[in-house]
Protein chains: 2
Amino acid sequence: MGGIKEIAKMTGVSLATVSRVFNNSALVSPKTREKVLKAAKDIDYRPNVMAAALRSGKSKIIGVIVPEVNNSFFSDIINGIEGVVSDSGFNIIISQTHEKQERENAALNSLLELNVDGILMSISKETKDYTQIQKIIDSKTPIVFFDRRPTLDAINAVLLNNYLGAYIATEHLIDMDCENILHIAGNPDVSIFEERKKGFVAAAQKHRVQYLVNHLPNIKSNPEEDLNSLKDILKKHPNIDGIFAYGDEMAIHLLNLLNTLKIEVPKQVKLIGFGNANFSALTQPSLSSIDQESSLMGELSANLLLQNLKRKTKPTAKVLSPKLIRRESTKNLDQ
Amino acid sequence: MGGIKEIAKMTGVSLATVSRVFNNSALVSPKTREKVLKAAKDIDYRPNVMAAALRSGKSKIIGVIVPEVNNSFFSDIINGIEGVVSDSGFNIIISQTHEKQERENAALNSLLELNVDGILMSISKETKDYTQIQKIIDSKTPIVFFDRRPTLDAINAVLLNNYLGAYIATEHLIDMDCENILHIAGNPDVSIFEERKKGFVAAAQKHRVQYLVNHLPNIKSNPEEDLNSLKDILKKHPNIDGIFAYGDEMAIHLLNLLNTLKIEVPKQVKLIGFGNANFSALTQPSLSSIDQESSLMGELSANLLLQNLKRKTKPTAKVLSPKLIRRESTKNLDQ
DNA sequence: AATAAAAATGTAAACGTTTACATTTTTATT
DNA sequence: AATAAAAATGTAAACGTTTACATTTTTATT
């Protein structure tokens, strides 16, 4: 037998009352509560979450969809989510999209079959078709986006002000006396990278410095090629004295490329990344960057979702302000 | 209404038959199968996994317990697990222990309440009491350990040969002409770190070189202090020419400390880490290390678990062989 | 065409909870 | 002490599937 039924039989009390005890209903006398709890301990009772979920319609599971789990940024976010969500007695199911729309849709579908109470997700770089997502928004399943959102109205989201982050990074280079700055930009299909580019351009124009935007798309597949492109750029624009890279990993590659070219950082060129990855403090020189408070972003998203689970609130988008992290790669040795 | 019942009504077929269609039972004629599938599509039917789980006792969920998700090694493992497990139609629930036994037990309990089909876990550094784990092993829930195992007999595990990894790393230093080597060891309560230490000692003794073992426990809380200890060690043993650190993060810190002390790597001292973290190729000089094939470890663990789900197999422990990754930090400039 | 075997389908109970509603017991009020 | 109100408990159905067993239909065999 096992389960609530056995406890009911043991204590001579009804199923309903036993259930009430485990759901902390106020409507049960201390005496019977104690009796039930004792019996539960005796048989090492473990409630069956699935059964409760089926009957109540609440699974106490939250689905999390990220592009990749083994990525410093997203794993920090998952850490933040896990913290608040598990404190509230929820479990998290994690799916990866590997930046593929097809996998994303499959993951969403799978989460719905599991009757998750809510969904936290960051859309893949590839995602253009929002019909599946729109269907979820239209349904009752609460969903909160973090970092990357679909371009749809009336959604819950926790985002980073990427424009501002890039603006701050660029201003920092200018503060450090850079007068001719280069931006290595990310995939223009991804909106957060486009915003960073815009922030860069805006700050450069505001302060009337020379600027340039470029891509180095082959850094992983063919670093040799990028080394040559970079060499060309620097040859064409020999007075470049500051570089803002769209991400920290790219920045570290740049650091190594510059080293290979015998260009000293920060003496000849100052360099700043974006993301404040875990390794950025460890390089030589250490890398200045823009912190995006990934763990906090996870926490806030989770809180927004939990709030939505209690009562359907108006869709809200929270925008976090990135912070400048000054390290050696942008140090002004003359100041 | 919704669900299987509605489809049954629409198609004029019984509940059982509809169920058979979705479970790919061979015992259903192509004609009715088609009819049912059509109806399912028409009402956008989504099976309720919870209900199926309750009735069948199979949740199609696998629990994963790791010390921290935002850790390069464990997130790689999760990536590996997710790949094989989701290909087989399972979902994963992830819990963090933050290296606390208490949280570990809570996570295990929570997974049992969810009726997970199996568990994949790496025990926390703190865990000494295995009663909860033993209870699970005794029950029917299959469990596989990865990387860190409890010292219990007859368990399923996928492990790294840490002794061998350390042995290889040490031999590599000796190959590169180091004659006086230092090991910066990890927390002696953690068995994998102890094995690394033993491997180091064994290789050093085998090749009859001078060696030394030390801890630098404050590197995160108080790097100044460790800088001084390191200075002391090197002063006392001025002919140290090779260092094997128990982990890559520690190794990178050492790299920076050595740089501060104006000791050139690899010219004066050669340095090798352990783990081949994602950032180890990015440092200057790049860090030699021991690769532990984290993603593969995840895949193998998941496969072992899936195998156990099909039919209870004899407990097996698979031991992976680590690989040497040669980079600049151990380059012999004379060779 | 009759019969046996195989394939397809159906019936109904069960998985372990929650919960609306009903009933009983206790407490407060006069 | 009688009555009303509040607190505690109980009854029974339901959540949406799966599955053992029974029955019907189809196919193969003579």
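Worth saying up front: this structure is predicted, and the values here are computed from it rather than measured. Lettering of chains follows the sequences in order, A, B, ..., and the numbering in each one begins at 1. Heavy-atom basis, side chains included; hydrogens, waters and symmetry copies ignored.
- Along DNA chain D, the nucleotide nearest B:F22 and the nucleotide nearest A:A51 are compared for position; the residue whose nucleotide lies closer to the 5' end is A:A51.
- Of all nucleotides listed (D:dT11, C:dT9, D:dG16), C:dT9 comes nearest to the side chain of B:T32.
- Proximity of A:T17 to the phosphate of D:dA8: no side-chain N or O atom is located under 4.0 Å from OP1 or OP2.
- Regarding contacts with the backbone of C:dT18, a side-chain N or O of A:S19 is found under 4.0 angstrom from either OP1 or OP2.
- Under a 4.0 Å N-O distance rule, the pair B:E99/B:R148 qualifies as a salt bridge.
- Rounded to an integer number of Å, the gap from A:L15 CG to D:dT9 P is 14 Å.
- Atom NZ in A:K5 sits about 8 Å away from atom C1' in C:dC15, given to the nearest Å.
- A salt bridge is absent between A:E113 and B:R46: the closest approach of a Lys/Arg side-chain nitrogen to an acidic carboxylate oxygen does not fall below 4.0 angstrom.
- As rounded to whole Å, 15 Å separates atom P of C:dA8 from atom CD of B:E34.
- Contact annotation: A:N48 side-chain N/O to C:dC15 OP1/OP2 distance is not under 4.0 Å.
- Here the C1' atom of nucleotide D:dG16 and the CZ atom of A:R55 are 12 Å apart, to the nearest Å.
- Of the listed residues (A:H98, A:Q96, A:M121, A:E126), just one forms a side chain to side chain contact (heavy atoms under 4.5 Å, CB included) with A:E104, and that residue is A:M121.
- Each of C:dT9, D:dG16, C:dC21 was ranked by its minimum atom distance to the side chain of B:V28; first place goes to C:dT9.
- Protein atom CD of A:E113 is 15 Å distant from nucleotide atom P of D:dG16, rounded to whole Å.
- Distances shown here put a side-chain N or O of A:S29 below 4.0 Å from the OP1 or OP2 atom of D:dT9.
- A sub-4.0 Å separation between OP1 or OP2 of D:dT19 and a side-chain N or O of B:S56 is absent.
- Across all strands shown, D:dT19 pairs with C:dA12; the Watson-Crick or G-U wobble distances both stay below 3.5 Å.
- Of the listed nucleotides (D:dT17, C:dT11, C:dT18), D:dT17 has the atom at the smallest distance from the side chain of B:A52.
- If you measure from atom CG of A:N24 to atom P of C:dT18, you get 11 Å, rounded to the nearest angstrom.
- We find that CD1 of A:I4 is positioned 13 Å from P of D:dG10, with the value rounded to whole Å.
- Pairing partner, C:dA4: D:dT27, with both Watson-Crick or wobble hydrogen-bond distances short of 3.5 Å.
- Between A:P47 and B:V13, the residue whose closest nucleotide on DNA chain C is further toward the 5' end is B:V13.
- Counting only N and O atoms by type, the side chains of A:N70 and B:S75 include no donor and acceptor under 3.5 Å apart.
- Panel note: side chain B:Q101, backbone B:K128; a donor-acceptor pair is recorded below 3.5 Å.
- Computed from coordinates, the B:K9 NZ to C:dG10 C1' distance equals 16 Å when rounded to whole Å.
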